[in-house]
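Following: one structure in structure tokens, then a few remarks.
Counting convention: from 1, in listed order, for ligands and their atoms alike. No experiment lies behind these values; they were computed from the predicted model shown.
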Amino acid sequence: MSGRVSGLVALVTGAASGIGLATSRHLLKSGAKVGAIDISTNLKSTCDALGKEFGSSNIAYLPCDVSDDDALKSAFKETKEQFGSLDIVVNNAGIFDEDNWGKLLKVNLQSVISGTYNAMELMSPDKGGVIVNTASVSGLSPLPFCPAYSASKSGIIAFTKAMKNNLELRGIKIRINSICPAGVETAMVMNAGKVIMSMPQPIIAAATASAGELMKPEFIAEGIMELITDASRNGAILMIEPDKGFTYVE
Ligand SMILES: NC(=O)C1=CN([C@@H]2O[C@H](COP(=O)(O)OP(=O)(O)OC[C@H]3O[C@@H](n4cnc5c(N)ncnc54)[C@H](O)[C@@H]3O)[C@@H](O)[C@H]2O)C=CC1
Ligand SMILES: CCCCCC(=O)/C=C/C=C\C/C=C\C/C=C\CCCC(=O)O
């Protein structure tokens with residue numbers, strides 16, 4: 001799968017808000033059909049609004065908790081059943097909740113791994129497909145104010161790199177890439193601010209020091225679209241920062 005996305009079928013997790021919503025909009029605007037997965041009650045109104053703008057037959061409303069493997073598998077199958085194929089998967093849903101680190105690992109890392117296996121099962125062996133996993137700069141340079149979150153994102157990067165080689169060695173025509181944004185202006189960051197301010201002072205100082213200007217979710221969606229459409233990108237880790245823009249890292 002390469003080049004244009006028009007007519008292709010995509011699935012996006014965390015589609016009700018932030019980066020997932022911006023990516024879903026970008027895909028729909030480019031002519032793809034989108035299976036929109038989220039746990040939020042906002043998903044219905046989001047899908048209705050996207051349906052009005054891009055055509056209700058182009059968006060599938062799929063309420064689902066990505067940390068529930070069976071529910072996630074059903075939502076993947078539903079997308080293929082509804083639209084006839086599965087070509088693009090963006091494993092993007094995530095939470096920032098150090099106090100509930102067990103849940104965090106399930107949502108942020110387990111769902112990316114199970115989403116990748118679901119994609120491998122459902123994508124066409126002939127046509128192939130492309131997977132993009134949302135990690136973070138914290139997966140490249142772990143941050144002291146979010147150790148479990150950083151570990152989940154490092155895990156996504158390691159999984160993406162290893163799975164790229166696994167797929168290549170097995171001759172499976174699926175590309176897999178990961179995106180690593182710095183701070184993005186989304187609900188996650190707005191809510192995290194309050195939690196971080198209740199941490200011990202030296203940790204707050206470290207967080208404040210690492211916080212740069214927040215980027216717009218649409219800018220991150222452009223990076224995800226680049227990883228989807230550029231057929232030369234496989235096993236790519238794309239870091240996105242406010243001052244430097246897009247940088248591919250090893
Ligand atoms: N905002 C930021 O600064 C950065 C965010 N990221 C990552 O980007 C991804 C998207 O986050 P944002 O758009 O920033 O946040 P967001 O909070 O706006 O969107 C996350 C979405 O995931 C959904 N979600 C959470 N738990 C879920 C579950 N169990 N099942 C299904 N859906 C679930 C939420 O309902 C929400 O709609 C996350 O993986 C996050 O870790 C990465 C780097 C920076
Ligand atoms: C430097 C942030 C890198 C992005 C990490 C990420 O993937 C998601 C983080 C989510 C929330 C935290 C983001 C930024 C918080 C940084 C500083 C907050 C400082 C507190 C304050 O001064 O309000």
Side-chain angles (χ1 to χ4, degrees), residues 11-25 35-47 62-69 71-72 75 90-98 100 102-112 114-115 132-157 178-221 223-224 238-243:
L11 178 153
V12 180
T13 70
S17 171
I19 296 168
L21 174 55
T23 304
S24 299
R25 287 186 57 82
I37 290 182
D38 207 292
I39 198 172
S40 167
T41 49
N42 292 334
L43 182 65
K44 182 76 178 80
S45 55
T46 301
C47 287
L62 299 164
C64 169
D65 178 349
V66 298
S67 69
D68 178 337
D69 277 344
L72 187 62
V90 183
N91 291 308
N92 166 79
I95 55 173
F96 187 88
D97 187 355
E98 289 293 313
N100 294 307
K103 175 77 177 173
L104 179 148
L105 289 174
K106 282 188 181 159
V107 175
N108 290 13
L109 180 57
Q110 178 188 296
S111 81
V112 169
S114 54
V132 179
N133 297 325
T134 304
S136 155
V137 288
S138 67
L140 296 165
S141 303
L143 295 165
F145 58 94
C146 51
Y149 180 88
S150 300
S152 73
K153 298 302 186 181
S154 293
I156 292 174
I157 294 166
S178 182
I179 196 120
C180 295
V184 187
E185 195 181 312
T186 67
M188 174 185 279
V189 167
M190 300 311 155
N191 296 331
K194 278 176 261 157
V195 178
I196 291 166
M197 293 315 278
S198 68
M199 290 177 178
Q201 186 52 46
I203 306 234
I204 297 176
T208 309
S210 58
E213 185 195 331
L214 292 179
M215 298 175 286
K216 298 286 179 198
E218 290 72 22
F219 187 47
I220 313 308
I224 292 175
L238 175 56
M239 180 163 62
I240 308 187
E241 300 166 293
D243 46 345

Worksheet item: Which heavy atom of the protein is the closest neighbour of atom 17 (O) of ligand 1, given with residue, atom name and distance?
Response: Met188 N, 3.5 Å
Item to complete: Counting heavy atoms only, name the option from Val189, Asn191, Ile95 that's nearest to atom 13 (C) of ligand 2.
Response: Val189
Discussion item. For a quick test of reading the model, state the closest non-hydrogen atom pair linking Ser136 to Ile157 and the distance between them.
Written reply: O-CD1, 4.3 Å
Discussion item. Looking at non-hydrogen atoms alone, which of Asn108, Ile196, Val195 comes nearest to atom 15 (C) of ligand 2?
Written reply: Ile196
Worksheet item: Please state which protein non-hydrogen atom is closest to atom 1 (C) of ligand 2 and give its distance, to 0.1 Å?
Response: Ser210 O, 3.4 Å
Worksheet entry | Region of Lys153 engaging ligand 1 - heavy atom pairs below 4.0 Å | side chain
Worksheet item: Looking at ligand 1, does Ala135 have a heavy atom less than 4.0 Å from it?
Response: yes
Practice prompt. May I ask you to identify the nearest protein heavy atom to atom 11 (C) of ligand 2, giving residue, atom name and distance to one decimal place in Å?
Written response: Ala192 CB, 3.4 Å
Worksheet item: How does Thr13 reach ligand 1, if at all, at less than 4.0 Å between non-hydrogen atoms: by side chain, backbone, both, or neither?
Response: neither
Practice prompt. Give the numbers and elements of all ligand 1 atoms closer than 4.0 Å to a heavy atom of Thr134.
Written response: 7 (C), 8 (O), 9 (C)
Fill in: Ala211 neighbourhood, listing ligand 2 atoms whose heavy-atom distance to it stays under 4.0 Å
16 (C), 17 (C)
Worksheet, complete the sentence: Here the atoms of ligand 1 under 4.0 Å from any heavy atom belonging to Val189 are 1 (N), 2 (C), 3 (O)
Worksheet item: Looking only at heavy atoms, is any part of Cys180 under 4.0 Å from ligand 1, and if so is it the side chain, the backbone, or both, or is it neither?
Response: neither
Worksheet item: Has the side chain of Ser178 got a donor or acceptor atom that lies under 3.5 Å from a matching backbone atom of Asn133?
Response: yes
Discussion item. Strictly distance-based, threshold 3.5 Å: is any side-chain N or O of Ser210 a donor or acceptor partner for the main-chain N or O of Ala206?
Written reply: yes
Worksheet, complete the sentence: Among non-hydrogen protein atoms, atom 16 (P) of ligand 1 lies closest to Ser17 OG, 3.5 Å
Worksheet entry | Close side-chain approach of Glu218 to Arg25, heavy-atom, < 4.5 Å | no
Worksheet item: How about Asp38 and Ser40: does a side-chain donor come under 3.5 Å of a side-chain acceptor?
Response: no
Fill in: Enumerated ligand 1 atoms positioned under 4.0 Å from heavy atoms of Gly18
13 (O), 18 (O)
Worksheet item: Can you tell me if Thr13 uses its side chain to pair, donor with acceptor, with the backbone of Asn92 under 3.5 Å?
Response: yes
Item to complete: Report the part of Lys153 in contact with ligand 2, treating N, CA, C, O as backbone and CB onward as side chain, heavy atoms under 4.0 Å; options are side chain, backbone, both, neither.
Response: neither
Discussion item. Looking only at distances, can you tell me whether any N or O atom of Asp65, backbone or side chain, sits closer than 3.5 Å to an N or O atom of ligand 1?
Written reply: yes
Practice prompt. For Asn100 and Lys103, indicate whether the former's side chain and the latter's backbone hold a donor-acceptor pair under 3.5 Å.
Written response: no
Worksheet item: Hey, are Ser111 and Lys106 close enough side-chain-wise for a donor-acceptor pair under 3.5 Å?
Response: no
Item to complete: Decide yes or no for Ile224 and Ile19: does some side-chain heavy atom of the first lie under 4.5 Å from some side-chain heavy atom of the second?
Response: yes
Item to complete: Using a 4.5 Å cut-off on heavy atoms from C-beta on, say whether the side chain of Val66 contacts that of Ile39.
Response: no
Worksheet, complete the sentence: min-distance protein heavy atom vs atom 1 (N) of ligand 1 -> Thr186 OG1, 3.1 Å
Worksheet item: To the nearest 0.5 Å, how far apart are CD in Glu98 and OG in Ser150?
Response: 7.0 Å
Item to complete: Record the part of Val137 in heavy-atom contact with ligand 2 below 4.0 Å; permitted values are side chain, backbone, both and neither.
Response: side chain
Worksheet item: Does the side chain of Leu11 reach to within under 4.5 Å of the side chain of Ile37, using non-hydrogen atoms?
Response: yes
Worksheet item: Any N or O on Asn108 sitting closer than 3.5 Å to an N or O of ligand 1?
Response: no
Discussion item. Heavy atoms only, cut-off 4.0 Å: how does Ile95 contact ligand 1, side chain, backbone, both, or neither?
Written reply: side chain
Worksheet item: What is the nearest protein non-hydrogen atom to atom 43 (C) of ligand 1, stated with its residue, atom name and distance?
Response: Pro181 O, 3.2 Å
Fill in: Check: Phe96 and Asn191 side chains under 4.5 Å, non-hydrogen atoms
no
Discussion item. For the 3.5 Å polar cut-off, considering only N or O atoms, please tell me whether Asp38 and ligand 1 meet it.
Written reply: yes
Worksheet, complete the sentence: shortest atom 21 (C) of ligand 2-to-protein heavy-atom contact is with Met197 SD, 3.5 Å
Item to complete: Could you check if a side-chain atom of Val184 sits within less than 4.5 angstrom of a side-chain atom of Val189, using non-hydrogen atoms only?
Response: no
Worksheet item: Identify the closest protein heavy atom to atom 22 (O) of ligand 1: which residue and atom is it, and at what distance?
Response: Gly14 CA, 3.5 Å
Practice prompt. Could you tell me whether a side-chain N or O of Lys153 sits under 3.5 Å from a main-chain N or O of Pro142, the two making a donor and an acceptor?
Written response: no
Practice prompt. Please indicate whether any nitrogen or oxygen in Tyr149 is less than 3.5 Å from any nitrogen or oxygen in ligand 2.
Written response: yes
Worksheet item: Nearest to atom 13 (O) of ligand 1, what protein heavy atom do you find, and at what distance?
Response: Ile19 N, 2.9 Å
Item to complete: Using a 4.5 Å cut-off on heavy atoms from C-beta on, say whether the side chain of Leu72 contacts that of Cys64.
Response: yes
Item to complete: For atom 27 (C) of ligand 1, find the nearest protein heavy atom and state the residue, atom name and distance (0.1 Å precision).
Response: Ile39 CG2, 3.6 Å
Worksheet item: Does one side chain, of Ser114 or Asp69, offer a donor that lies under 3.5 Å from an acceptor on the other?
Response: yes
Worksheet item: At the 4.0 Å heavy-atom cut-off, does Ala187 count as touching ligand 1?
Response: yes
Worksheet item: Taking C-beta and beyond as the side chain, do Asn91 and Val132 meet within less than 4.5 Å on heavy atoms?
Response: no
Item to complete: Give the minimum heavy-atom separation between Glu241 and Met215, together with the two atoms involved.
Response: C-SD, 3.5 Å
Practice prompt. Heavy-atom distances under 4.0 Å are what count here, so tell me which part of Ala182 touches ligand 1: side chain, backbone, both or neither.
Written response: backbone
Response to the item:
re atom 19 (C) of ligand 2, the protein heavy-atom contact at minimum distance is Thr208 OG1, 3.9 Å
Worksheet entry | Phe145 CZ to Met197 CE distance, which is reported to the nearest 0.5 Å | 12.0 Å
Worksheet item: For ligand 1, is any non-hydrogen atom under 4.0 Å from Ala15's backbone (N, CA, C, O), its side chain (CB onward), both, or neither?
Response: neither
Worksheet item: Of the listed options (Ile179, Asn92, Asn133), which comes nearest to atom 39 (O) of ligand 1 when hydrogens are ignored and any heavy atom counts?
Response: Asn92
Item to complete: Between Val107 and ligand 1, find which residue part has any heavy-atom pair under 4.0 Å and reply side chain, backbone, both or neither.
Response: side chain
Worksheet item: Of all the non-hydrogen atoms in the protein, which one sits nearest to atom 30 (N) of ligand 1, and at what distance?
Response: Val66 N, 2.9 Å
Worksheet item: Quick one: does Val184 get an N or O within less than 3.5 Å of an N or O on ligand 1?
Response: yes
Worksheet item: Could you give the distance from CD1 (Ile196) to CD1 (Ile203), rounded to the nearest 0.5 Å?
Response: 10.5 Å
Discussion item. If the cut-off is 4.0 Å to any non-hydrogen atom of Ala93, which atoms of ligand 1 fall inside it?
Written reply: 22 (O), 32 (N), 33 (C), 39 (O)
Worksheet item: Does ligand 1 have any atom sitting under 4.0 Å from a heavy atom of Cys64?
Response: yes
Worksheet item: So which of Gly193, Ser136, Ala135, Ala205 gets nearest to atom 5 (C) of ligand 2, if we judge by its closest heavy atom?
Response: Ser136
Fill in: Distance filter under 4.0 Å to Gly183 heavy atoms, resulting ligand 1 atoms
3 (O)
Worksheet item: N/O to N/O below 3.5 Å, does that happen between Tyr149 and ligand 1?
Response: yes
Practice prompt. Please could you name the atoms of ligand 2 that Gly183 approaches to less than 4.0 Å, counting only its heavy atoms?
Written response: 3 (C), 4 (C)
